[in-house]
S.K.: 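My structure is below; once you've seen it, I'll send some questions.
In what follows, every chain begins at residue 1, and chains take the letters A, B, ... in the order their sequences are listed.
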Amino acid sequence: MPELPEVETVRRGLLKIAKGRKINAIDVYYGKTITNDVEDFRQALIGQTIEDIDRRGKYLLFRFSNNLTMVSHLRMEGKYYNQPIGGPIDKHTHVVFQFTDGTELCYHDTRKFGRMTLVETGDEKTVGGLKTLGPEPTAADFKLAFFQDELGRSRGKIKPFLLNQRHVAGLGNIYVDEVLWMSKINPEQPANSLTPDQAAVLHDNIIKELAVATKYKGTTVHSFTNAFGDAGGFQERLNAYGRGGEKCPRCGAKMVKIKVAQRGTTFCPHCQPLVED
DNA sequence: CGAATTGTTGAGCG
DNA sequence: TCGCTCAACAATTC
């Protein structure tokens with residue numbers, strides 16, 4: 001469930017518990033988490049120091065002293081936590097990095113969907129979705145003209161369009177429902193049918209919503225916690241996601257939950273009407 | 001006990 | 001070649 005605000009929150013936590021630490025040993029309990037050869041991965045990183053941790057979209061980039069970068073994607077339920085070496089792990093702890101200072105960083109993932117890939121720094125673009133990842137959802141990177149151009153070339157529904165990381169990085173199911181609600185746009189509206197005003201409002205809301213959610217340290221739904229095990233604070237500010245059957249916070253009409261592109265989708269039929277041609 | 005849940009890739013189709 | 005749809009992945013909760 002981690003979308004951009006949650007991944008950024010994790011990154012900030014990792015800076016405090018992992019940056020500057022030197023790896024003394026690595027235990028791998030579930031090999032598929034690592035897409036490289038596991039032995040190559042271990043040999044390349046043992047003895048190296050985590051110099052910095054960056055983020056691109058929902059991808060974490062661990063920068064190592066030997067010009068290597070570990071790309072880590074949490075997918076559904078991946079999470080990192082630290083503890084003294086030898087602390088408790090369970091059957092969902094798949095990788096443990098032991099540091100020379102007596103602490104260890106554990107990667108835990110109940111669904112086993114998350115992946116780590118080690119590449120030469122600068123070659124990150126060869127990793128999975130980073131090849132085609134769209135701009136960061138910031139005013140500096142995410143240009144309205146680009147967004148309008150992409151919208152115009154897509155006949156698909158706006159919700160799957162926004163979930164596609166090629167168009168803009170960082171949105172997932174929760175924040176797509178939120179920004180569409182804020183923008184009063186129906187999730188099934190064809191992307192190329194949005195008016196210029198709607199496109200501009202949507203563009204601004206994507207930037208604002210993700211920035212505000214990041215400020216609140218993300219949304220805790222089901223299981224998300226940051227690197228310290230704390231809950232995020234944004235879930236109390238959600239207006240659409242998880243509110244199927246409830247009253248719309250804006251107009252009081254009953255919110256509806258449907259499936260769009262195989263995903264649970266909540267919206268207000270009154271505020272977000274489908275506009276036919 | 002089947003359905004729902006989530007992000008991303010890749011196959012298949014037109 | 002491109003864009004869209006859908007299956008697959010995995011495990012837990014309801």
S.K.: Mind checking side-chain contact (heavy atoms from CB on, under 4.5 Å) for A/Asn36 and listing every partner two or more places apart, or none if nothing turns up?
M.R.: A/Ile34, A/Phe41, A/Thr117, A/Leu118
S.K.: Going by ring-ring contact (aromatic ring centres under 6.0 Å, His included), name the residues that satisfy it together with A/Tyr107, two or more places apart in sequence or in a different chain.
M.R.: A/Tyr80
S.K.: Enumerate the residue pairs fulfilling salt bridge (Lys or Arg N to Asp or Glu O under 4.0 Å) with a member in residues 180-205 of chain A, sequence neighbours excluded, ordered by first and then second residue.
M.R.: A/Lys157-A/Glu188
S.K.: Using a 4.0 Å cut-off on heavy atoms, which residues in residues 156-170 of chain A reach DNA chain C? List them by number, or say none.
M.R.: A/Gly156
S.K.: Would you tabulate the side-chain donor-acceptor contacts of residues 64-71 of chain A under 3.5 Å, counting partners in other chains and residues two or more places apart, or write 'none'?
M.R.:
residue: A/Ser65; atom: OG; partner: A/Gln48; partner atom: OE1; Å: 2.9
residue: A/Ser65; atom: OG; partner: A/Thr49; partner atom: N; Å: 3.0
residue: A/Asn66; atom: ND2; partner: A/Ala44; partner atom: O; Å: 3.1
residue: A/Thr69; atom: OG1; partner: A/Arg63; partner atom: NH1; Å: 2.9
residue: A/Thr69; atom: OG1; partner: A/Thr121; partner atom: OG1; Å: 2.7

S.K.: Mind calculating the distance between CG (A/Leu130) and P (B/dT8) to the nearest angstrom?
M.R.: 10 Å
S.K.: Could you give the CG-to-P distance, from A/Asp177 to B/dG7, as a whole number of Å?
M.R.: 10 Å
S.K.: What integer distance in Å separates A/Arg56:CZ from B/dT8:C1'?
M.R.: 15 Å
S.K.: Could you tell me which residues satisfy side-chain hydrogen bond (donor to acceptor under 3.5 Å, both in side chains) with A/Arg115, sequence neighbours excluded, listed by chain and number?
M.R.: none
S.K.: Could you check which residues of residues 254-261 of chain A get a heavy atom under 4.0 Å from DNA chain B? Sort them by number, please.
M.R.: A/Lys257, A/Lys259
S.K.: Output the rounded distance in Å from CG (A/Leu60) to P (B/dT8).
M.R.: 12 Å
S.K.: For residues 250-263 of chain A, which side-chain donor-acceptor pairs fall under 3.5 Å, sequence neighbours excluded?
M.R.:
residue: A/Arg250; atom: NH1; partner: A/Trp181; partner atom: O; Å: 3.1
residue: A/Arg250; atom: NH2; partner: A/Trp181; partner atom: O; Å: 2.8

S.K.: Reading nucleotides 9-14 of chain C 5' to 3', which nucleotides get B (base under 4.0 Å from a protein heavy atom), which S (sugar-phosphate only), which -?
M.R.: BBBS--
S.K.: Please state how far atom CG in A/Leu133 lies from atom P in B/dT8, giving the value in whole angstrom units.
M.R.: 8 Å
S.K.: In terms of ring plane angle, is the pair A/Tyr216 and A/Phe234 parallel, tilted or perpendicular, where the classes change at 30° and 60°?
M.R.: tilted
S.K.: Pairs in or reaching into residues 23-40 of chain A: which pass salt bridge (Lys or Arg N to Asp or Glu O under 4.0 Å), with residues at least two apart or in two chains?
M.R.: A/Glu39-A/Arg42
S.K.: Test: salt bridge (Lys or Arg N to Asp or Glu O under 4.0 Å). Region: residues 171-181 of chain A. Which pairs qualify, not counting sequence neighbours?
M.R.: A/Lys159-A/Asp177
S.K.: Check whether any side-chain N or O of A/His73 sits under 4.0 Å from OP1 or OP2 of B/dG7, and answer yes or no.
M.R.: no
S.K.: Pairing donors with acceptors under 3.5 angstrom, does anything connect the side chains of A/Thr110 and A/Glu77?
M.R.: yes
S.K.: Once you round it to whole Å, what is the distance between C1' of B/dG7 and NZ of A/Lys58?
M.R.: 6 Å
S.K.: Test of understanding: with side-chain contact (heavy atoms from CB on, under 4.5 Å), list the residues that count as partners of A/Lys143, not counting sequence neighbours.
M.R.: A/Phe146
